[in-house]
Amino acid sequence: MSGGYVANNVVYQKIPGGIYLPENPTFDLKQIMDSGQCFRIRETNGVYSVVTGTHFVRIGRPRRGGYLFYDCSEDDFQHIWIPYFDLFTNYEEYQQKMVKDSFLAEAIQHYGGIRILCQDPWEMIVSFVISQRNNIPRIRNCVERLCKRYGSLIAWESEEYPIFSFPTPDQLRGKDLSDLGLGYRAKYIEDLAYYNNEAAWLCMKDVCSADEIKEILLRQKGIGEKVANCIMLFGYHHMDSYPRDVWINRMIEDVYQGSFDPQEYKGFAGYVQQLQFAYYRSLQGEVKK
DNA sequence: CACCAGGTAGGAT
DNA sequence: ATCCTACATGGT
(Lines give C-alpha, C1' and ligand atoms only; values in the text may rest on other atoms or scores of the structure.)
Protein backbone atom coordinates (compact mmCIF):
# COMPACT_ATOMS: atom_id res chain seq x y z
CA MET A 1 0.00 0.00 0.00
CA SER A 2 1.53 3.30 -1.02
CA GLY A 3 0.43 6.80 -1.94
CA GLY A 4 -3.05 7.68 -0.74
CA TYR A 5 -4.71 10.84 0.45
CA VAL A 6 -2.88 13.78 1.93
CA ALA A 7 -4.05 16.28 4.54
CA ASN A 8 -1.67 18.63 6.35
CA ASN A 9 1.26 16.67 4.94
CA VAL A 10 -0.11 13.49 6.50
CA VAL A 11 -0.43 10.60 4.04
CA TYR A 12 -3.20 8.11 4.77
CA GLN A 13 -5.34 5.44 3.13
CA LYS A 14 -9.12 5.47 3.17
CA ILE A 15 -10.85 2.11 3.54
CA PRO A 16 -14.44 1.20 4.41
CA GLY A 17 -15.00 1.85 8.10
CA GLY A 18 -11.92 3.91 8.71
CA ILE A 19 -8.46 5.16 7.92
CA TYR A 20 -5.06 3.51 7.59
CA LEU A 21 -2.09 5.58 8.72
CA PRO A 22 1.49 4.36 8.19
CA GLU A 23 3.35 3.66 11.43
CA ASN A 24 5.92 6.23 12.39
CA PRO A 25 8.78 6.01 14.92
CA THR A 26 7.72 9.36 16.40
CA PHE A 27 4.21 8.15 17.22
CA ASP A 28 3.73 5.45 19.87
CA LEU A 29 0.29 5.28 21.47
CA LYS A 30 1.43 3.35 24.53
CA GLN A 31 4.19 5.85 25.24
CA ILE A 32 1.74 8.70 24.83
CA MET A 33 -0.86 6.99 27.03
CA ASP A 34 1.70 6.56 29.82
CA SER A 35 3.31 9.98 29.42
CA GLY A 36 1.13 11.78 31.95
CA GLN A 37 -0.08 14.46 29.54
CA CYS A 38 -3.47 12.85 28.94
CA PHE A 39 -5.61 10.84 31.34
CA ARG A 40 -8.30 9.38 29.13
CA ILE A 41 -6.53 7.09 26.64
CA ARG A 42 -7.37 3.45 27.38
CA GLU A 43 -5.93 0.27 25.95
CA THR A 44 -7.81 -3.02 25.81
CA ASN A 45 -6.53 -6.03 23.86
CA GLY A 46 -4.17 -3.85 21.87
CA VAL A 47 -6.88 -1.40 20.85
CA TYR A 48 -6.59 2.17 22.09
CA SER A 49 -9.65 4.29 22.71
CA VAL A 50 -9.28 8.05 22.67
CA VAL A 51 -11.74 10.82 23.53
CA THR A 52 -11.54 14.53 22.89
CA GLY A 53 -14.48 16.90 23.09
CA THR A 54 -17.46 14.91 21.85
CA HIS A 55 -15.35 12.75 19.53
CA PHE A 56 -14.29 9.18 20.13
CA VAL A 57 -12.03 6.87 18.12
CA ARG A 58 -10.59 3.39 18.44
CA ILE A 59 -7.10 2.82 17.09
CA GLY A 60 -5.76 -0.65 16.40
CA ARG A 61 -2.82 -2.32 14.70
CA PRO A 62 -3.94 -4.49 11.77
CA ARG A 63 -2.43 -7.97 11.37
CA ARG A 64 -0.40 -7.16 8.33
CA GLY A 65 1.54 -4.53 10.28
CA GLY A 66 3.10 -1.23 9.39
CA TYR A 67 -0.16 0.65 9.84
CA LEU A 68 -2.51 1.99 12.45
CA PHE A 69 -6.23 1.70 11.81
CA TYR A 70 -8.50 4.54 12.90
CA ASP A 71 -12.11 3.62 13.42
CA CYS A 72 -13.46 7.00 12.23
CA SER A 73 -14.69 9.01 9.26
CA GLU A 74 -12.27 10.76 6.94
CA ASP A 75 -13.76 14.05 8.09
CA ASP A 76 -13.02 13.30 11.74
CA PHE A 77 -9.58 12.02 10.87
CA GLN A 78 -8.67 15.23 9.08
CA HIS A 79 -10.29 17.72 11.40
CA ILE A 80 -10.10 16.05 14.79
CA TRP A 81 -7.41 13.39 15.00
CA ILE A 82 -4.63 14.84 12.82
CA PRO A 83 -4.64 18.00 14.95
CA TYR A 84 -5.16 16.10 18.21
CA PHE A 85 -2.11 13.91 17.64
CA ASP A 86 -0.15 16.84 16.20
CA LEU A 87 0.51 14.74 13.11
CA PHE A 88 1.40 17.69 10.90
CA THR A 89 4.45 18.41 13.05
CA ASN A 90 7.73 16.70 12.20
CA TYR A 91 9.11 15.43 15.50
CA GLU A 92 12.20 13.98 13.85
CA GLU A 93 13.41 17.53 13.36
CA TYR A 94 13.14 18.12 17.10
CA GLN A 95 14.94 14.87 17.82
CA GLN A 96 17.82 15.75 15.53
CA LYS A 97 18.34 18.95 17.50
CA MET A 98 18.39 17.01 20.79
CA VAL A 99 21.05 14.35 20.22
CA LYS A 100 23.96 16.58 21.24
CA ASP A 101 22.80 15.84 24.79
CA SER A 102 23.50 12.19 25.65
CA PHE A 103 20.67 11.88 28.20
CA LEU A 104 18.23 13.19 25.59
CA ALA A 105 19.71 10.88 22.97
CA GLU A 106 18.94 7.91 25.25
CA ALA A 107 15.50 9.31 26.02
CA ILE A 108 14.79 9.38 22.28
CA GLN A 109 15.84 5.73 22.01
CA HIS A 110 13.30 4.70 24.65
CA TYR A 111 10.55 7.31 24.36
CA GLY A 112 10.88 8.79 20.89
CA GLY A 113 7.26 7.89 20.21
CA ILE A 114 5.90 10.59 22.48
CA ARG A 115 4.25 13.63 20.92
CA ILE A 116 2.66 16.70 22.46
CA LEU A 117 -1.07 16.24 21.99
CA CYS A 118 -3.36 19.19 21.24
CA GLN A 119 -5.96 18.77 23.94
CA ASP A 120 -8.90 20.87 25.09
CA PRO A 121 -7.80 23.74 27.36
CA TRP A 122 -10.69 23.36 29.81
CA GLU A 123 -10.08 19.63 30.14
CA MET A 124 -6.41 20.35 30.81
CA ILE A 125 -7.28 22.98 33.42
CA VAL A 126 -9.41 20.56 35.40
CA SER A 127 -7.13 17.56 34.89
CA PHE A 128 -4.01 19.36 36.05
CA VAL A 129 -5.72 21.01 38.99
CA ILE A 130 -6.55 17.44 40.01
CA SER A 131 -2.96 16.37 39.33
CA GLN A 132 -1.44 18.42 42.14
CA ARG A 133 -0.18 16.32 45.06
CA ASN A 134 -1.66 13.29 43.35
CA ASN A 135 -0.45 10.25 41.41
CA ILE A 136 -1.18 9.44 37.80
CA PRO A 137 -3.42 6.38 38.29
CA ARG A 138 -5.55 8.30 40.77
CA ILE A 139 -5.76 11.34 38.47
CA ARG A 140 -7.18 8.98 35.83
CA ASN A 141 -9.80 7.68 38.23
CA CYS A 142 -10.84 11.16 39.31
CA VAL A 143 -11.17 12.32 35.69
CA GLU A 144 -13.13 9.21 34.78
CA ARG A 145 -15.59 9.72 37.66
CA LEU A 146 -16.10 13.34 36.60
CA CYS A 147 -16.87 12.27 33.03
CA LYS A 148 -19.17 9.45 34.06
CA ARG A 149 -21.13 11.68 36.41
CA TYR A 150 -21.38 14.95 34.51
CA GLY A 151 -20.26 14.35 30.92
CA SER A 152 -22.51 13.38 27.99
CA LEU A 153 -22.79 9.88 26.58
CA ILE A 154 -21.14 10.08 23.16
CA ALA A 155 -20.34 6.49 22.14
CA TRP A 156 -19.97 2.89 23.21
CA GLU A 157 -16.49 1.42 23.27
CA SER A 158 -18.10 -1.98 23.65
CA GLU A 159 -21.58 -3.19 24.50
CA GLU A 160 -20.95 -2.72 28.20
CA TYR A 161 -18.57 0.21 28.20
CA PRO A 162 -20.06 3.66 27.56
CA ILE A 163 -17.85 6.61 26.63
CA PHE A 164 -18.61 10.02 28.15
CA SER A 165 -17.33 13.40 27.09
CA PHE A 166 -15.33 15.50 29.52
CA PRO A 167 -17.89 17.73 31.31
CA THR A 168 -17.96 21.36 30.19
CA PRO A 169 -18.02 24.27 32.63
CA ASP A 170 -21.75 24.52 31.91
CA GLN A 171 -22.24 20.91 32.92
CA LEU A 172 -20.28 21.37 36.15
CA ARG A 173 -21.60 24.78 37.15
CA GLY A 174 -23.44 24.70 40.47
CA LYS A 175 -22.68 21.01 41.04
CA ASP A 176 -21.36 19.66 44.32
CA LEU A 177 -18.15 17.81 43.47
CA SER A 178 -17.31 16.85 47.04
CA ASP A 179 -18.13 13.15 46.63
CA LEU A 180 -15.90 12.37 43.63
CA GLY A 181 -12.72 11.71 45.59
CA LEU A 182 -11.11 14.93 44.39
CA GLY A 183 -10.18 15.97 47.91
CA TYR A 184 -9.51 19.66 48.51
CA ARG A 185 -9.31 20.22 44.73
CA ALA A 186 -13.10 19.89 44.36
CA LYS A 187 -13.66 23.46 45.52
CA TYR A 188 -11.14 24.82 43.02
CA ILE A 189 -12.96 23.13 40.15
CA GLU A 190 -16.38 24.20 41.37
CA ASP A 191 -15.15 27.80 41.29
CA LEU A 192 -13.37 27.44 37.93
CA ALA A 193 -16.63 26.29 36.33
CA TYR A 194 -18.00 29.80 36.89
CA TYR A 195 -15.11 31.70 35.34
CA ASN A 196 -15.56 30.93 31.63
CA ASN A 197 -17.36 28.57 29.32
CA GLU A 198 -15.45 25.98 27.35
CA ALA A 199 -15.44 27.94 24.09
CA ALA A 200 -14.04 31.01 25.82
CA TRP A 201 -11.10 29.05 27.17
CA LEU A 202 -10.57 27.56 23.73
CA CYS A 203 -10.65 30.75 21.68
CA MET A 204 -8.31 32.52 24.07
CA LYS A 205 -5.63 30.89 21.97
CA ASP A 206 -6.63 33.08 19.01
CA VAL A 207 -7.19 36.27 20.96
CA CYS A 208 -4.47 36.41 23.61
CA SER A 209 -0.72 36.01 23.71
CA ALA A 210 0.75 33.06 25.58
CA ASP A 211 1.86 35.38 28.38
CA GLU A 212 -1.64 36.79 28.71
CA ILE A 213 -3.24 33.34 28.89
CA LYS A 214 -0.75 32.19 31.48
CA GLU A 215 -1.37 35.30 33.54
CA ILE A 216 -5.11 34.59 33.51
CA LEU A 217 -4.47 30.99 34.53
CA LEU A 218 -2.22 32.01 37.42
CA ARG A 219 -4.97 34.23 38.82
CA GLN A 220 -7.19 31.19 39.37
CA LYS A 221 -7.20 29.47 42.76
CA GLY A 222 -5.66 26.03 42.43
CA ILE A 223 -3.46 26.93 39.48
CA GLY A 224 0.18 27.69 40.25
CA GLU A 225 3.30 27.85 38.12
CA LYS A 226 3.61 24.15 37.36
CA VAL A 227 -0.06 23.49 36.60
CA ALA A 228 -0.24 26.64 34.46
CA ASN A 229 2.73 25.41 32.43
CA CYS A 230 1.08 22.03 31.89
CA ILE A 231 -2.10 23.75 30.69
CA MET A 232 -0.09 25.98 28.36
CA LEU A 233 1.78 23.01 26.92
CA PHE A 234 -0.95 20.40 26.64
CA GLY A 235 -4.01 22.63 26.26
CA TYR A 236 -2.68 25.62 24.33
CA HIS A 237 0.17 23.80 22.60
CA HIS A 238 2.65 26.40 23.75
CA MET A 239 5.72 24.33 22.97
CA ASP A 240 8.12 26.52 24.95
CA SER A 241 6.38 25.69 28.21
CA TYR A 242 8.62 23.60 30.44
CA PRO A 243 6.67 22.34 33.48
CA ARG A 244 8.90 21.65 36.48
CA ASP A 245 7.48 19.02 38.79
CA VAL A 246 9.23 16.91 41.43
CA TRP A 247 10.57 14.49 38.79
CA ILE A 248 11.97 17.17 36.53
CA ASN A 249 13.61 18.86 39.51
CA ARG A 250 15.18 15.60 40.66
CA MET A 251 16.31 14.86 37.11
CA ILE A 252 17.96 18.28 36.77
CA GLU A 253 19.83 17.64 40.04
CA ASP A 254 20.89 14.12 39.03
CA VAL A 255 21.57 14.45 35.35
CA TYR A 256 22.46 18.11 34.81
CA GLN A 257 24.20 18.94 38.13
CA GLY A 258 21.38 21.27 39.07
CA SER A 259 21.15 23.48 36.02
CA PHE A 260 19.26 22.95 32.80
CA ASP A 261 18.12 25.77 30.54
CA PRO A 262 15.04 24.95 28.44
CA GLN A 263 15.77 28.04 26.33
CA GLU A 264 18.39 25.96 24.54
CA TYR A 265 15.50 24.15 22.94
CA LYS A 266 13.44 27.10 21.87
CA GLY A 267 10.28 26.09 20.06
CA PHE A 268 10.11 22.56 21.50
CA ALA A 269 11.21 22.77 25.14
CA GLY A 270 7.95 21.14 26.22
CA TYR A 271 8.72 18.13 24.06
CA VAL A 272 12.18 17.90 25.62
CA GLN A 273 10.51 18.01 29.04
CA GLN A 274 8.17 15.13 28.17
CA LEU A 275 11.04 12.91 27.06
CA GLN A 276 13.07 13.77 30.15
CA PHE A 277 10.06 13.11 32.37
CA ALA A 278 9.29 9.74 30.79
CA TYR A 279 12.87 8.50 30.61
CA TYR A 280 13.93 9.65 34.06
CA ARG A 281 10.88 8.07 35.69
CA SER A 282 11.61 4.81 33.88
CA LEU A 283 15.22 4.88 35.14
CA GLN A 284 13.92 5.34 38.68
CA GLY A 285 11.66 2.32 38.29
CA GLU A 286 8.56 4.47 38.54
CA VAL A 287 6.96 3.14 35.36
CA LYS A 288 6.91 -0.40 34.08
CA LYS A 289 7.74 -0.94 30.46
C1' DC B 1 0.62 3.82 61.21
C1' DA B 2 3.80 6.50 58.69
C1' DC B 3 4.79 8.19 54.03
C1' DC B 4 3.95 9.50 49.31
C1' DA B 5 1.65 11.32 44.93
C1' DG B 6 3.10 15.67 37.68
C1' DG B 7 1.67 21.56 44.00
C1' DT B 8 -0.61 25.51 45.82
C1' DA B 9 -2.59 29.00 49.04
C1' DG B 10 -2.06 31.69 52.80
C1' DG B 11 0.58 33.27 56.26
C1' DA B 12 5.04 34.28 58.60
C1' DT B 13 9.69 35.70 58.15
C1' DA C 1 10.91 38.00 47.62
C1' DT C 2 11.56 33.54 49.95
C1' DC C 3 10.34 29.92 53.33
C1' DC C 4 6.82 27.09 55.88
C1' DT C 5 2.89 24.21 56.41
C1' DA C 6 -1.85 22.44 55.88
C1' DC C 7 -4.29 20.31 52.56
C1' DA C 8 -8.21 15.34 50.91
C1' DT C 9 -7.83 10.93 49.31
C1' DG C 10 -6.21 6.37 48.48
C1' DG C 11 -2.35 3.32 47.91
C1' DT C 12 2.04 0.91 49.84
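Labels below follow one simple rule: chain letters A, B, ... track the order of the sequence lines, proteins then strands, and each chain is numbered from 1.
Comparing dG10(C) with dT8(B), their P atoms are spaced 22 Å from each other, to the whole Å. Of the C1' atoms belonging to dC7(C) and dC4(B), the separation is 14 Å, rounded to the nearest Å. Between the P atoms of dA2(B) and dA6(C), the separation comes to 15 Å (whole Å). Using atom C1' as the reference point in both dA5(B) and dC3(C), the two lie 22 Å apart (nearest Å).
Ring pair Y256(A)/F260(A) is tilted by interplanar angle, where 30° to 60° counts as tilted.
Here dA9(B) is the nucleotide among dA8(C), dA9(B), dG10(C) with the atom lying nearest to any side-chain atom of K221(A). For Y188(A), taking side-chain heavy atoms from C-beta onward, the closest of the listed nucleotides dA9(B), dG7(B), dG6(B) is dA9(B).
Among the heavy atoms of the strands, none lies under 4.0 Å from R244(A). Among the protein residues, G222(A) comes within range of the sugar-phosphate backbone only, with heavy atoms under 4.0 Å from sugar or phosphate atoms but none that close to a base.
Here the P atom of nucleotide dT12(C) and the CD1 atom of I136(A) are 15 Å apart, to the nearest Å. The nearest whole Å value for the distance from the CG atom in N134(A) to the C1' atom in dC7(C) is 12 Å. Per the geometry, OH belonging to Y184(A) stands 6 Å off C1' belonging to dC7(C), to the nearest Å. Q132(A) places its CD atom 7 Å from the P atom of dA9(B), with the value rounded to the nearest Å.
Here R250(A) reaches the OP1 or OP2 of dA5(B): one of its side-chain N or O atoms lies under 4.0 Å away. The phosphate of dG6(B) (OP1 or OP2) has no side-chain N or O of R133(A) nearer than 4.0 angstrom.
Atom CG of N9(A) has 12 or fewer neighbouring heavy atoms from other residues, nucleotides or ligands inside a 6.0 Å radius.
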